[in-house]
Structure formats: structure tokens, C-alpha cells
Number of protein chains: 2
Amino acid sequence: MPDTPVRVLVADDEPLVRSGLRLILDAEPDLEVVGEAGDGAQAVELARTLRPDVVCMDVRMPGVDGLRATELVLRLPDPPRVLVVTTFEHDGYVLDALTVGASGFLLKRAGADEMVQAVRTVAVGQSLLYPQAVRDLVRARPRAKTGAPVLTPREREVLSLVAEGMTNAEIATALVVGVETVRTHVASVLAKLQARDRTQAVVLGYRAGLVDL
Amino acid sequence: MPDTPVRVLVADDEPLVRSGLRLILDAEPDLEVVGEAGDGAQAVELARTLRPDVVCMDVRMPGVDGLRATELVLRLPDPPRVLVVTTFEHDGYVLDALTVGASGFLLKRAGADEMVQAVRTVAVGQSLLYPQAVRDLVRARPRAKTGAPVLTPREREVLSLVAEGMTNAEIATALVVGVETVRTHVASVLAKLQARDRTQAVVLGYRAGLVDL
DNA sequence: GCCGATATCCCCCGGCCGGGGGAGGGGGCG
DNA sequence: CGCCCCCTCCCCCGGCCGGGGGATATCGGC
């Protein structure tokens with residue numbers, strides 16, 4: 001059945017954990033650990049060069065942490081699937097991990113069977129969670145709007161035009177006001193969304209449910 | 001490795017689908033189809049008497065449907081895991097299925113490999129979804145279109161970082177290249193997307209399905 | 001071997017943008 | 001009546017951006 005073994009990259013700052021994972025995974029004929037990374041930066045670099053099918057990524061790592069590393073890994077051309085591994089279930093990383101695009105989330109206390117199963121599952125392109133994580137997800141789901149910054153009507157209007165890629169001058173023309181006015185509104189929006197520039201404002205505004213793209 | 005095979009109950013109103021599933025699953029030495037049900041009521045009854053480890057449950061069934069049957073099955077003493085199977089991904093059943101306690105959600109168009117993997121995954125007590133379902137859960141968002149401009153891998157990578165609101169200098173640092181290089185890539189992206197600036201590039205790239213926000 | 005595509009680096013320059021101020025008028029609310 | 005928020009307009013300035021040129025190296029295909 002194993003046409004060609006699933007190539008796995010293990011990223012964890014503890015050598016002991018890496019060795020343990022390697023032992024467990026290499027024991028399976030259809031799995032092959034092709035590399036180990038001790039921090040996030042290494043993980044990204046090895047993912048780029050080794051081109052594994054699956055990356056087992058620890059969340060807590062020195063320097064570039066697992067989540068950031070996951071983001072970067074998934075931006076690689078033809079990226080691997082990322083299976084995020086963590087120690088505690090309620091550290092709030094689950095949602096973040098899935099948001100940045102991880103394919104699965106596994107607890108370190110999981111047994112060898114589950115670990116092996118998890119790698120196979122994400123390898124075929126499916127997503128995997130532990131049951132508690134699913135419940136957390138379902139419960140925390142309608143969070144799209146809550147906690148969103150409060151923009152004035154005019155500010156929302158301006159933001160939506162910014163999101164259309166219009167310059168301040170064009171927005172001014174569209175709204176029949178001065179460019180200075182638009183500049184002021186944009187400045188308010190940037191401050192409220194804690195965005196550095198209009199590009200960030202568009203992305204953050206979209207994620208906060210303030211604009212539709 | 002398979003101490004004792006995973007006992008599976010298949011519930012689907014179409015005999016053809018049941019036979020197909022039985023063929024696929026019984027071909028695996030560690031899986032064993034112990035029964036078939038043609039509707040929800042039968043599924044519940046067989047789950048009670050056969051005590052399978054996993055129930056593959058179709059959503060659409062005459063009489064008691066898959067979701068209701070899932071609820072009932074999970075109320076049995078020492079209940080099996082339920083893997084919900086459906087044809088369409090956007091029928092809104094995902095959330096309902098997870099809410100009533102299903103362990104996983106699988107599309108019928110999934111290949112045999114995925115099907116087998118899915119059963120094994122839920123058998124060891126983990127939850128499973130197809131990636132699209134996770135994205136829907138994390139953030140209900142419409143999907144991308146076709147006819148997207150052709151960007152090189154590096155250009156896509158740069159664009160995704162632009163979509164994070166990063167400046168050219170920051171992108172250069174992240175990718176460990178010179179700022180000049182990033183400027184070149186950004187220029188190519190702008191030209192190909194026919195965008196005037198990076199903000200338009202993000203919006204157009206998102207609408208073309210080239211970047212995730 | 002040649003050529004195209006890709007990726008990397010370099011320079012100049014005009015322009016829009018964003019930060020930091022300030023200032024006036026109108027409307028709601030105590 | 002005052003206060004505060006919203007909308008409106010104004011000035012200066014530093015910085016990043018985007019357009020216009022080129023240049024070199026590697027890789028793959030014909």
C-alpha cells in the first residue's frame with residue numbers, strides 16, 4: 001500500500017522529543033523522518049530544502065516559534081502539511097494554529113498509535129484535531145465580529161473604499177470631500193485598527209468583519 | 001500493529017454505497033465491516049447490538065436522518081465514534097454534525113485511501129475534518145474563483161507577505177534576500193495583477209484566490 | 001550550445017502616504 | 001448652556017513606494 005513513504009520533518013527544541021518522535025515514526029514502513037529542526041527558523045529552512053510531506057511542529061520553540069514557523073512554511077511553494085504538536089490543550093494555540101493554516105493539532109500526551117495515525121491523516125490532505133479542540137472551535141466560532149474596533153460610519157465608508165485600492169485623492173472625489181478629510185479618516189482607521197499602513201488596514205478590517213472583499 | 005481489527009458499521013440508504021464502502025474497508029486487514037444499515041433507525045439499533053468501534057454515517061437517509069441517528073448512537077452506553085459522510089461540502093451539515101458530537105466529517109468524493117485513513121483516525125479517538133470544513137469553521141468565507149493570473153512561486157510567496165502588511169524591507173528580511181529583489185518581485189506581481197499599488201494587489205490577489213487572508 | 005524564464009542585485013527620481021500638529025462647525029446629551 | 005464626538009479642512013516633513021532603466025547567474029528545454 002505504501003507507494004512511497006511519507007516524508008516527515010520533526011521540529012522541536014528538545015532533542016529528546018525529536019528522538020522519540022523519530023523512533024516512533026521511523027518504526028512505520030510507510031513513514032520516513034527525513035530531518036530534525038531545533039527551532040522555527042531551522043524548520044522553515046529544512047522544509048524548503050528537504051521538501052517533506054508533513055512537518056511535525058512544536059509550538060513552543062526558542063526564536064521563531066511554531067506558529068510563526070508554520071505560517072512561513074505554508075508560504076513555501078508547494079508547501080508540506082503542518083501538524084502542530086503541543087503539551088497543553090487549553091493554551092489557546094489551537095485556533096491560532098488553524099488560522100495560520102495548520103492541518104492538524106495533536107497533544108504530546110497522545111500515544112504512539114495516535115501520533116502515527118495523525119501523520120498519515122494529514123499526509124493524505126485531511127485535517128485532524130483532538131475532540132476537545134473541536135468543541136472549543138465550535139464554541140468560539142462566532143467570534144468574527146466580537147471585539148472589533150468601533151469605527152464611525154464615515155470611517156467604515158472610507159475603509160471600504162481603501163479596500164477597493166483607491167488612493168486618498170480618488171476617495172476624496174468619490175465622497176465629494178477634500179483630500180485632507182480623507183487623510184484624517186484614514187489616520188483614525190489606522191489608529192483604531194492598529195495598522196501601520198492602508199494595506200494592513202484592509203487585511204485587519206477584513207478579518208474583523210468590518211469590510212467585505 | 002493491529003491488535004484487534006477496528007469494527008465498522010456502515011449506514012447509508014443506497015445499497016451501492018454500502019457495498020463500495022464495505023469493499024474498501026474490508027480490504028484492510030486492520031478494519032472489519034461488521035454490519036450495514038439502510039436508515040437511521042436501523043443504524044441506531046445495529047450500533048446497540050453489534051457494538052462497533054466506528055459508524056460511517058450518511059447524512060441523508062429516509063426516516064431518521066444521519067444527524068439525528070448520530071445523536072442517538074452517541075447516547076448508547078460506551079458509544080462508538082461516528083464518522084459523518086456526505087456528498088456536498090457546503091450543505092451546512094458540518095457544524096450540526098460536530099455539535100451533536102460526531103468525531104469526523106468526510107466527503108463521499110474522498111478516495112479510498114482517505115476513507116480508510118479517516119476510519120483509523122476516529123478509531124483512535126481523534127477528530128477529523130476535510131480542510132475546507134476547517135476553514136469554514138475558523139472563518140466563514142466564500143471560496144476563490146478561477147482564471148487567476150500566473151504568478152511564479154516566489155511571486156506568490158512575496159504577495160502573501162505583502163498581504164500581511166509587511167514593508168519591502170521586512171519581506172526582504174523574512175525571505176533573506178535583498179530589498180531590491182523584493183521590489184522586483186512586487187513590481188512583477190503588480191504588473192500581472194494589473195494593480196497600481198500593493199493594497200490593490202492584496203485585494204485582487206485575494207479575489208483571484210492567490211492569497212489567504 | 002542557445003535561449004527563455006526565474007531569481008537575484010543596483011541606481012535615480014517623483015509621488016503618495018502616514019505622523020504630528022492645529023482649527024473650525026454641527027449635533028447629541030446631561 | 002457647555003461638553004464631547006464627529007466631520008471637515010489646513011501645513012510640514014520624512015519615508016516608503018512604484019516606475020524607469022540595467023546587470024548577472026542558474027536552470028531547463030529545444
| message | Quick one, B/L193 and B/L159 - any side-chain contact, counting heavy atoms below 4.5 Å? | response | yes
| Within the structure, does a side-chain N or O atom of B/R183 lie under 4.0 Å from either OP1 or OP2 of C/dT8? | no
| B/L190 side chain: which of D/dC10, D/dC17, D/dG19 is closest? | D/dG19
| query | The side chain of A/V177 lies closest to which of these nucleotides: C/dC17, C/dA7, D/dC9? | reply | D/dC9
| query | Do NZ/NE/NH1/NH2 and the carboxylate oxygens of B/R207 and A/E164 come within less than 4.0 Å? | reply | yes
| Out of curiosity, A/N168 CG to A/H185 NE2, how far, rounded to the nearest 0.5 Å? | 11.0 Å
| Nearest of D/dC7, D/dC9, D/dG18 to any side-chain atom of A/T184? | D/dC9
| request: State which of D/dC17, C/dC10, D/dC10 makes the closest approach to the side chain of B/R198. | output: D/dC17
| said: Would you say that A/V85 contacts A/M57 through its side chain, given a criterion of any heavy-atom pair below 4.5 Å between the two side chains? | reply: no
| said: Strictly below 4.0 Å: does A/H185 bring a side-chain N or O up to OP1 or OP2 of D/dC6? | reply: no
| request: Evaluate the side chain to side chain contact (heavy atoms under 4.5 Å, CB included) criterion for residues A/L151 and A/K192: first the C-alpha distance (whole Å), next the side-chain angles of each, then the deciding distance (0.1 Å), finally the verdict. | output: CA-CA 8 Å; A/L151 299 187; A/K192 288 183 179 177; 3.4 Å; yes
| message | Is the phosphate of C/dC17 approached by A/N168 (side-chain N or O, under 4.0 Å from OP1 or OP2)? | response | yes
| request: Grab the NZ-P distance between A/K192 and D/dC7 for me, whole Å please. | output: 8 Å
| C/dA7 phosphate, OP1 or OP2: any side-chain N/O from B/T152 under 4.0 angstrom? | yes
| query | For the helix from C/dG1-D/dC30 to C/dG30-D/dC1, what is the angle between the axes at its two ends, each from 5 pairs, rounded to 10°? | reply | 50°
| said: Using the rule given for salt bridge (charged side-chain N to carboxylate O under 4.0 Å, His left out), can you reason through B/R22 versus B/E32, listing the C-alpha separation, both sets of side-chain angles and the distance that settles it, and then say yes or no? | reply: CA-CA 8 Å; B/R22 180 185 275 276; B/E32 179 189 3; over 6 Å; no
| If you look at every strand shown and take non-hydrogen atoms under 4.0 Å, does B/V179 touch a base, only sugar-phosphate, or nothing? | nothing
| B/E114 and A/R120: salt bridge (charged side-chain N to carboxylate O under 4.0 Å, His left out), yes or no, with the steps? | CA-CA 9 Å; B/E114 293 171 74; A/R120 290 189 182 126; over 6 Å; no
| B/T181, nearest nucleotide to its side chain (from D/dG18, C/dT8, D/dC9) | C/dT8
